[in-house]
Structure formats: C-alpha cells, structure tokens
> 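The structure is given below, and queries will be raised subsequently.
Just so you know, ligand 1 is whichever comes first in the structure, and atom 1 is the first atom listed for that ligand.
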Amino acid sequence: MTKVLMVCLGNICRSPLAHGILESKLDSDFFYVDSAGTAAYHIGESPDPRSIEVAKQNGIDISGQSARQFKVEDFDTFDRIYAMDQSNYNNIIRLARNNADIGKVKLILEETNSVSNKNVPDPYYGDFSNFEHVFRLLDDACEVVSKTL
Ligand code: 4NP
C-alpha cells in the first residue's frame with residue numbers, strides 16, 4: 001500500500017480537494033490518500049462548502065472528510081507528503097526529525113511543468129472562481145502524481 005498525504009494550512013480548502021482528486025484517480029486497493037493541516041484552527045470540521053461544491057461539480061464527493069492537524073507520526077505513516085505552498089512546506093519541514101522525513105516532502109505543483117508559480121493560492125478569502133482555479137491546478141498536478149506512484 002502506497003500512502004500519500006496532502007497538507008495545507010487549515011485542511012478545509014486546498015488539501016481536502018487534493019485528497020479527493022488524487023483518491024479519485026487511484027485504485028483504493030493499492031493506494032491510501034489522506035490530508036491534514038499544519039494549523040489547529042479547523043480540527044474536526046468538514047471541508048469549506050466551496051471546496052465541497054467545486055469537487056461535486058467535477059464528480060467528486062469530499063463532504064465526508066474531517067479536518068485534522070499534521071503530526072510528526074505522519075512522517076512514519078506516509079510515503080509522500082505534498083505541501084500546497086511554501087509556507088506549508090516550511091511548517092512541515094520544521095517538524096522533520098531527519099533527512100528521511102525531509103525527503104518525503106515536496107510542493108505538489110513541483111510535479112507539473114504547466115505553471116511557474118509553485119504555490120497553490122489560498123482561496124479562503126476569495127470567491128468561488130478562486131476555488132475553481134485551485135481545482136484545475138490540483139487536478140493537473142494529481143494527474144501527474146497518479147502516474148508517478
Ligand atoms: P486551506 O485554507 O489552508 O487551504 O485550508 C485556509 C483555511 C482557513 C484559514 C486559512 C487558510 N484560516 O485562517 O482559518
């Protein structure tokens with residue numbers, strides 16, 4: 001079983017989408033996908049209604065997800081840990097215990113050549129079009145990720 005963790009700040013906007021999108025592209029018999037936030041603000045909450053809606057419009061149901069905080073044990077559980085932006089990456093790396101931990105962490109948009117800005121923009125204070133943009137970025141990146149696992 002290959003295990004992939006998607007990480008953003010709150011685990012309610014970007015990483016739940018990345019989680020749902022990648023999961024939809026993989027066989028659950030062989031792959032496990034999860035998501036987490038580096039902050040504790042939204043623990044136990046469902047994804048943002050706008051993330052739920054944009055996923056639904058694309059045939060993916062993320063409404064059953066529940067936000068949790070990234071923990072150091074995630075370095076043991078997961079084979080790959082994808083950060084949505086540089087700030088999330090830095091927060092994860094701060095908790096790394098060794099080079100093996102550090103080696104598991106990557107910016108998700110580093111997987112695709114189609115964009116030069118490697119940060120998935122935080123849509124939390126934006127409108128629905130920002131969530132649609134995030135969906136497209138993550139769908140493109142997850143398509144590449146699904147072929148490299
Ligand atoms: P996310 O977006 O990191 O993509 O889940 C955010 C959600 C909540 C907050 C910030 C970003 N917040 O400040 O509460």
Side-chain angles (χ1 to χ4, degrees), residues 3-26 28 31-97 101-146 148-149:
K3 297 179 182 175
V4 180
L5 183 66
M6 302 296 190
V7 181
C8 61
L9 178 62
N11 192 209
I12 56 168
C13 296
R14 292 165 292 176
S15 60
L17 278 174
H19 172 176
I21 293 167
L22 183 63
E23 203 168 55
S24 76
K25 296 177 188 292
L26 298 173
S28 62
F31 299 97
Y32 174 72
V33 185
D34 194 13
S35 60
T38 58
Y41 317 136
H42 297 283
I43 291 172
E45 292 180 22
S46 299
D48 186 287
R50 298 163 296 178
S51 284
I52 292 175
E53 179 59 24
V54 75
K56 188 176 167 199
Q57 288 181 6
N58 288 275
I60 298 170
D61 181 7
I62 63 166
S63 64
Q65 292 184 26
S66 174
R68 72 167 179 89
Q69 190 170 20
F70 180 84
K71 53 185 191 289
V72 73
E73 293 79 19
D74 287 323
F75 287 115
D76 300 320
T77 305
F78 292 90
D79 302 289
R80 289 196 201 180
I81 298 168
Y82 283 114
M84 298 298 114
D85 68 27
Q86 189 65 47
S87 164
N88 311 147
Y89 179 90
N90 295 344
N91 288 335
I92 299 165
I93 292 298
R94 220 172 276 133
L95 296 174
R97 301 155 300 185
D101 288 353
I102 293 169
K104 293 183 175 187
V105 190
K106 195 170 176 179
L107 285 174
I108 189 161
L109 295 186
E110 292 284 0
E111 295 287 14
T112 171
N113 293 323
S114 61
V115 286
S116 53
N117 180 348
K118 299 302 179 188
N119 295 298
V120 179
D122 183 350
Y124 188 59
Y125 294 105
D127 60 22
F128 193 67
S129 69
N130 299 103
F131 284 76
E132 292 176 312
H133 178 57
V134 165
F135 187 94
R136 286 193 298 275
L137 287 172
L138 291 174
D139 191 47
D140 179 58
C142 287
E143 188 62 27
V144 178
V145 169
S146 72
T148 67
L149 289 170

> What is the closest protein heavy atom to atom 8 (C) of ligand 1, and at what distance does it sit?
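Of every protein heavy atom, H42 NE2, 3.4 Å lies nearest to atom 8 (C) of ligand 1.
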> Taking only heavy atoms of G10, which atoms of ligand 1 are found under 4.0 Å from at least one of them?
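Once the distances to G10 are compared, the set is 1 (P), 3 (O), 5 (O).
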> Can an N or O of N11 be found at a distance shorter than 3.5 Å from an N or O of ligand 1?
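For ligand 1, there is an N or O atom that lies under 3.5 Å from one belonging to N11.
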> Any N or O on Y41 sitting closer than 3.5 Å to an N or O of ligand 1?
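Min N/O separation from ligand 1 is not below 3.5 Å for Y41.
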> Which of the atoms of ligand 1 are close to C13, meaning less than 4.0 Å from one of its heavy atoms?
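So the atoms of ligand 1 that pass are 1 (P), 2 (O), 4 (O), 5 (O).
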> Would a distance-only check, ignoring hydrogens and angles, find a side-chain to backbone donor-acceptor pair under 3.5 Å from N58 to I60?
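No, N58 side chain to I60 backbone: no donor-acceptor pair under 3.5 Å.
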> S114 and R136: side-chain donor and acceptor closer than 3.5 Å?
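Their side chains do not contain a donor-acceptor pair, so the 3.5 Å distance test is not met.
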> In the protein, what heavy atom is nearest to atom 4 (O) of ligand 1, and what distance, to one decimal place, separates them?
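Protein heavy atom with the smallest distance to atom 4 (O) of ligand 1: R14 NE, 2.7 Å.
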> What is the closest protein heavy atom to atom 1 (P) of ligand 1, and at what distance does it sit?
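Here the closest protein heavy atom is C8 SG, 3.5 Å.
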> Can you check salt bridge (charged side-chain N to carboxylate O under 4.0 Å, His left out) on D48 and R14, steps first, answer last?
CA-CA 9 Å; D48 186 287; R14 292 165 292 176; over 6 Å; no
> Can the ring centres of F70 and F75 be said to be less than 6.0 Å apart?
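Under 6.0 Å, so yes.
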> Checking side-chain polar atoms at under 3.5 Å, does D140 have a donor or acceptor matched by the opposite partner on T112?
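Judged by distance alone, the side chains do pair up.
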> Return the closest protein heavy atom for atom 12 (N) of ligand 1 as residue, atom name and distance.
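Residue, atom and distance for the closest contact: Y124 CE2, 3.6 Å.
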> Among protein heavy atoms, which lies nearest atom 11 (C) of ligand 1, and at what distance?
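Answer, as residue, atom name and distance: D122 OD2, 3.0 Å.
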> Would you say the side chains of Y82 and E111 form a donor-acceptor pair under 3.5 Å?
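Per modelled atom types, Y82 and E111 side chains form a pair under 3.5 Å.
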> Checking the N or O distance criterion of under 3.5 Å, is ligand 1 in contact with L9?
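The answer is yes, given that L9 and ligand 1 share an N or O pair closer than 3.5 Å.
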> I'd like to know if the side chain of K106 reaches the main chain of G103, judged simply by a donor and an acceptor atom lying under 3.5 Å from each other, with no hydrogens or angles considered.
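No, the answer is negative, given that no donor and acceptor are paired below the 3.5 Å cut-off.
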> Mind telling me whether F78 and Y32 have parallel, tilted or perpendicular rings, with 30° and 60° as the class edges?
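Y32 vs F78 ring planes: parallel.
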> Taking distance alone, with N or O pairs closer than 3.5 Å, would you say P123 contacts ligand 1?
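No, no N or O pair falls under 3.5 Å.
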